[in-house]
Amino acid sequence: MNTYTQTFEADTGKILNIVINSLYSDRDIFLRELLSNASDAIQKRKFLGQTNQSLLNNDADSIEIIINTKKKIVEIVDTGIGLTENELAETLGTIAKSGTSAFLQEMEGEENSKDAAKTLIGQFGVGFYSAFMVADKVKVLSRKAGTKQVNSWESDGQSGFSIGKSDEKQAVGTKIKLFLKKDAKEFAAPDKIKALIKKYSDHISFPINIKEADGEIEQVNSATAIWTKSASQISKEEYKDFYNSTFGTFDEPFATLHNKSEGTLEFTNLLYIPKTAPFDLFDPERKTKINLYINRVFISNDLDGVIPTWLRFIKGILDTTSLDLNVSREMVQNNPVLKKISKSLTKRVLSELKKRLKKDDEAYDAFWGQFGKVLKEGLYEDIENKDKIAEIIKVHSFKEDKLITLQSYVESMVDGQDKIFILTADTLAQAKSSPHLEGFKAKGIDVLLMTDPIDAFWTSQMKTFQEKDFVSISREKYDIAKLGDVKDEDVEAAQSNDETYTPIIKESLGDLVEDVKTSKNLVDSPVRLVAGEGGLDFNLERILKAQNPDFEGSKKILEINSNHELIKKLPALTSELQKSLCRVLFEQARILDGEMPSDSQQFSKDLIAIGLKLG
Ligand code: ADP
Ligand code: MG
């Protein structure tokens, strides 16, 4: 035997501790994790065997659990693909490879609460390491298909692991030997193990056999893939257990879609829409979580193209007989049949979401809070489905102060209104206190408040909903004077705009603004800034600036409220103070739009100058 020892990568020990301690009461899950790995390994071997017969198992595939109650040792033996020495080091020597630091950060934020740990562990799939919840030593013996060498890996789950070649003889596959902790001896009882298999691993499509000390062998699971059964045979609880055990989740799914399609395209889907978002939803490296099977043989769980990226939070199974098993991954990925199936899955999900939206506002809004941002990507990425997606999006209504659909916005438009008014801002609070809203407030016209960075993008890409333009009210191009109930005083106010002030302000501000105009939309605030002709939505401009420091942006138009006391004071002031007051008004309008003052030092000097004058 020739062995070397290696310490764990930085942070691994820490994570293991979190896993082991936070999941203490849930340590039952270790078994489902190891069994799902065993099943994956058998599936992999079958798949590779399609193109290389010599790798196939000539006997029946199975997973054996050998229990030695006396010695408190549990062994899990599979007839899967097996691992080489290098693979052992790579797959079991590192943990949560991509997300280690993110994991720890999240944990700290959550004060190590158990629930957070559960979800996080699900997200990272630290599956194999859950063995250390019940064992203080784990030994893996593995022989890779197509080789004779048996390799060993051993660890206490704390310091590191040793790895090497073993002299033991073994059939192709992997044996995981758990030396149970003192306080985990319950898992050396066959009845306990049987109960766990029934609960979490019944769906594993290979027989799971238990072998007791007296040599008796018993198959425990029913070994039928859950999705091949008809929906009427499956209880809600079974659906949930399968979702939790297969995808390492702990929540109840928001929706479960189990359908069979027959005809030119034959496939079965069992899709889950989760309730909670994984932390890595916006990680560009993140793969979809749909397990693709071709005629019950597992192909891949990270294939692009099974589901569009704007539905990447969906987890589930797709099993089809319409694809050919003997093709490479790449060919499956680019196969037109897969594209067709993907389209039909997308339709199903959209129609399910629409149903949910109609059925239960509160539940849908909770779902929307988790995944709305991702769904909105579809509005500009998926030309074919964007209209359907637009039907299920929710946006904050200023008037109703809650999330509403675009449809209900359109239905409550006032007389003469043919635009959808929107205001983008960083936060809801900022949007609500914006001077841009004042005219709308006064006339009872609703404005949609949008706070996701991509809102400015999709609205400008989509341009319309039901033929009504999206109009960003931080731009100039609209006139609400004639909308809704037009009262005489409205018209009067709009007409009696006093033009005496604009020349003074223009003179004072010079190059800072493109123009100064008298506003028809301000009520309480003295001024606001709007984009000029051809200018961009403010929030969009801010995003572009953040991406490109050289991006200048366009000059704004300052709109003034000629009925405002401060504005009326202007003509009586000295030209110095006029300048100061105008600059302060300008900067303050910027601040209300979520910007920094353009010249902070001057701003503070101006404030002092005005303050002294008042005093
Ligand atoms: P995941 O299953 O999500 O990939 P795990 O921590 O459960 O994460 O397993 C890590 C990796 O170790 C697997 O992806 C697989 O490559 C390898 N592995 C674990 N158990 C087995 C097994 N019984 N046979 C072959 N490979 C295995
Ligand atoms: Mg696993």
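We count ligands from 1, going down the list as the structure has it; atoms in each ligand are counted the same way. The figures here come from the full heavy-atom set of this structure, side chains too, leaving out hydrogens, waters and symmetry mates.
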*Show which atoms of ligand 1 fall inside a sub-4.0 Å distance from at least one heavy-atom site of L92.*
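It comes down to these atoms of ligand 1: 12 (O).
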_Results of salt bridge (charged side-chain N to carboxylate O under 4.0 Å, His left out) for K343 - residues two or more places apart only_ =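 Applying salt bridge (charged side-chain N to carboxylate O under 4.0 Å, His left out) to K343 gives E384.
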*Between I176 and ligand 1, which residue portion shows a heavy-atom distance shorter than 4.0 Å: side chain, backbone, both, or neither?*
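Neither; nothing of I176 gets under 4.0 Å from ligand 1.
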*Where on L34 is there a heavy atom closer than 4.0 Å to ligand 1, on the side chain, on the backbone, on both, or on neither?*
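Neither; no heavy atom under 4.0 Å.
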*Quick one: does Y239's side chain have a donor or acceptor within less than 3.5 Å of a partner on P253's backbone?*
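Flag not set: sc Y239 to bb P253 has no pair under 3.5 Å.
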*So, R143 side chain and Q170 main chain: donor-acceptor pair closer than 3.5 Å or not?*
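Checking the backbone N and O of Q170 against the side chain of R143, a donor-acceptor pair under 3.5 Å is found.
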*Under 6.0 Å between the ring centres of F254 and F371?*
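Ring centres of F371 and F254 not closer than 6.0 Å.
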*Contacts of T346 that satisfy side-chain contact (heavy atoms from CB on, under 4.5 Å) - sequence neighbours left out*: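 By the side-chain contact (heavy atoms from CB on, under 4.5 Å) rule, T346 matches P308, W310, L311, S342, L350, N385.
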*Relative to atom 23 (N) of ligand 1, which among N37, N301, D78, V140 owns the nearest non-hydrogen atom?*
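Ranked by closest heavy atom to atom 23 (N) of ligand 1, first place is D78.
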*So does N37 have any N/O/S atom less than 2.8 Å away from the Mg ion (ligand 2)?*
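Short answer: yes, at least one N, O or S atom is under the cut-off.
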*F128 N/O to ligand 1 N/O under 3.5 Å*: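 Yes, at least one N or O pair falls under 3.5 Å.
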_Other residues, nucleotides and ligands only: do more than 12 of their heavy atoms fall within 6.0 Å of NZ on K260?_
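Yes, because the 6.0 Å sphere around NZ of K260 holds more than 12 heavy atoms from other groups.
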_So for K44, does at least one of its heavy atoms come nearer than 4.0 angstrom to any atom of ligand 1?_
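Flag set, K44 near ligand 1.
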